[in-house]
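Working notes, structure below.
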Amino acid sequence: MRILVTNDDGIHAEGLDVLERIARALSDDVWVVAPETDQSGVAHSLSLSNPLRLRRIDEKRFAVSGTPTDCVIMAVRSVMAGARPDLVLSGVNRGSNVAEDVTYSGTIAAAMEGTLLGVPSIALSQAYQPGNRDVIRWDCAEHHAPGIIRRLLEEGIPEGVLFNLNFPHTGPGEVEGVAVTVQGRRDQELLQLEPRKDGRGYPYYWIAFQRTRKEPANGTDLRAMAENRISITPLELDLTHEPTLTRFARVFA
């Protein structure tokens, strides 16, 4: 099995090294193509107005001056064009990617691009304790991910579907199980703009989320994280809402 490893935290991210070790537990043929710099929050964006530059670091390790989506395209269409990957692994992201994070995450976008290109793809993220992003239990993802990925591949990943894996902030032996979940939803009133002023008195702003103790809904990725369970969420590329499609097809018939 030929595996492509990428991320959105950048080529120097610790989580990328963790994911490479996870990939090597599954195969000896592992390629790394990741962004030159941190691309967190860029979602499924493409570099259309700037050229892409490819920097070779090692025989099977490359950095790209672009987004996670650019990296997957560069890998499949150029770096690995002679023999396409059999699997795309994206991550391991520093911090969870749950609820509406799915729409913002470059980690998940890389897996989306892999899926669009016909390659089975999985995104992986490691949660950390709120307010303490310097303490990451990478050992949780590294210990549990290989077995979960094997089971997903054995069962078969449907066409047009990718998997979003999130690992709780806990030691490997303290995980309370695995949950197959739906995408949750946070209270968007928690999304805040924090105004500040620079040294010359000009205003600038930080986008930030306030933290809440609101109980997450049963069956969601948010609930799984709160209960120290590994969350597995299947995501579909087709965003069409079928009930509304049927309803308005009748309206405009």
Side-chain angles (χ1 to χ4, degrees), residues 8 39-49 67-70 72-73 76 87-91 93 95-125 127 148-149 151-168 177-193 207-227 229-253:
D8 73 354
Q39 297 290 310
S40 299
V42 302
H44 202 179
S45 59
L46 288 165
S47 296
L48 297 178
S49 301
T67 68
T69 299
D70 296 331
V72 175
I73 294 172
V76 175
L87 176 67
V88 173
L89 297 179
S90 180
N93 191 70
S96 61
N97 274 310
V98 293
E100 66 280 348
D101 300 341
V102 167
T103 63
Y104 303 128
S105 168
T107 300
I108 295 175
M112 286 182 175
E113 189 62 32
T115 303
L116 282 170
L117 294 173
V119 183
S121 301
I122 301 171
L124 302 90
S125 301
I148 291 174
I149 294 170
R151 294 182 68 179
L152 292 176
L153 294 176
E154 288 169 2
E155 185 63 27
I157 299 179
E159 184 178 351
V161 173
L162 60 128
F163 280 98
N164 180 29
L165 307 187
N166 281 275
F167 298 87
V178 178
V180 180
T181 61
V182 299
Q183 180 185 341
R185 188 170 183 180
R186 297 187 184 94
D187 181 358
Q188 286 303 301
E189 290 302 315
L190 300 172
L191 181 63
Q192 302 290 326
L193 277 178
I207 295 176
F209 274 99
Q210 292 182 340
R211 296 297 174 179
T212 178
R213 295 185 181 275
K214 182 179 177 181
E215 193 73 13
N218 286 330
T220 63
D221 46 15
L222 289 167
R223 185 61 171 263
M225 290 290 96
E227 295 176 345
R229 292 187 292 166
I230 297 168
S231 171
I232 303 177
T233 309
L235 301 176
E236 188 175 13
L237 290 182
D238 185 354
L239 302 180
T240 306
H241 189 256
E242 294 291 344
T244 304
L245 172 68
T246 303
R247 173 187 168 196
F248 279 90
R250 296 193 191 104
V251 170
F252 291 97

Among all residues two or more places apart in sequence or in another chain, which pass the side chain to side chain donor-acceptor pair (under 3.5 Å) test with Ser47? Asp70
Just checking, is any N or O donor in the side chain of Thr233 or Thr181 under 3.5 Å from an acceptor N or O on the other one? yes
Drop me the distance from Arg247's CZ to Phe252's CZ, to the nearest 0.5 angstrom. 10.5 Å
Can you name the residues that form a side chain to side chain contact (heavy atoms under 4.5 Å, CB included) with Ile207, not counting sequence neighbours? Leu191, Leu193
With sequence neighbours excluded, residues passing side chain to side chain contact (heavy atoms under 4.5 Å, CB included) with Glu227: Arg223, Arg229
For Ala99 and Gln183 the tightest heavy-atom approach is O-NE2, 3.0 Å
In chain order, what residues pass the side chain to side chain contact (heavy atoms under 4.5 Å, CB included) check against Ser49, with sequence neighbours excluded? none
Let me check something: any side-chain donor-acceptor pairs from residues 106-117 under 3.5 Å, sequence neighbours excluded? List them with distances.
from, atom 1, to, atom 2, distance (Å)
Thr107, OG1, Asp8, OD1, 3.1
Thr107, OG1, Asp8, OD2, 3.3
Thr107, OG1, Asn93, OD1, 3.1
Glu113, OE1, His44, NE2, 2.7
Thr115, OG1, Ala111, O, 2.9

Please identify which of these residues, Val88, Ile157, Leu162, meets the side-chain contact (heavy atoms from CB on, under 4.5 Å) condition with Ile122. Ile157
Distance in Å, Arg151 CZ paired with Ile232 CD1, rounded so as to fall on 0.5 Å steps: 8.0 Å
I need the Asp221 CG to Ile230 CD1 distance, nearest 0.5 Å. 14.0 Å
Please confirm whether the backbone N or O of Val102 pairs with a side-chain atom of Ser105, one donor and one acceptor, at under 3.5 Å? no
Looking only at heavy atoms, which two atoms of Met225 and Pro168 are closest? And how far apart? CE-N, 3.8 Å
Is it the case that the side chains of Ser231 and Asn166 hold a donor-acceptor pair, with the cut-off being a distance below 3.5 Å and no angle test? no
Taking only residues two or more places apart in sequence, or in another chain, which ones meet Pro158 in a side chain to side chain contact (heavy atoms under 4.5 Å, CB included)? Val161
Interatomic spacing from CD in Glu236 to CD in Glu159 - rounded to 0.5 Å: 11.0 Å
Nearest atoms (heavy-atom pairs only) where Ile149 meets Leu124: CD1-CD2, 4.2 Å
For the OG atom of Ser90 and the CG atom of Asn164, what is their distance to the nearest 0.5 Å? 9.5 Å
Side chains of Leu165 and Leu152 in contact at under 4.5 Å (non-hydrogen atoms): yes
Residues Glu100 and Arg186 bridged, charged N to O under 4.0 Å: yes
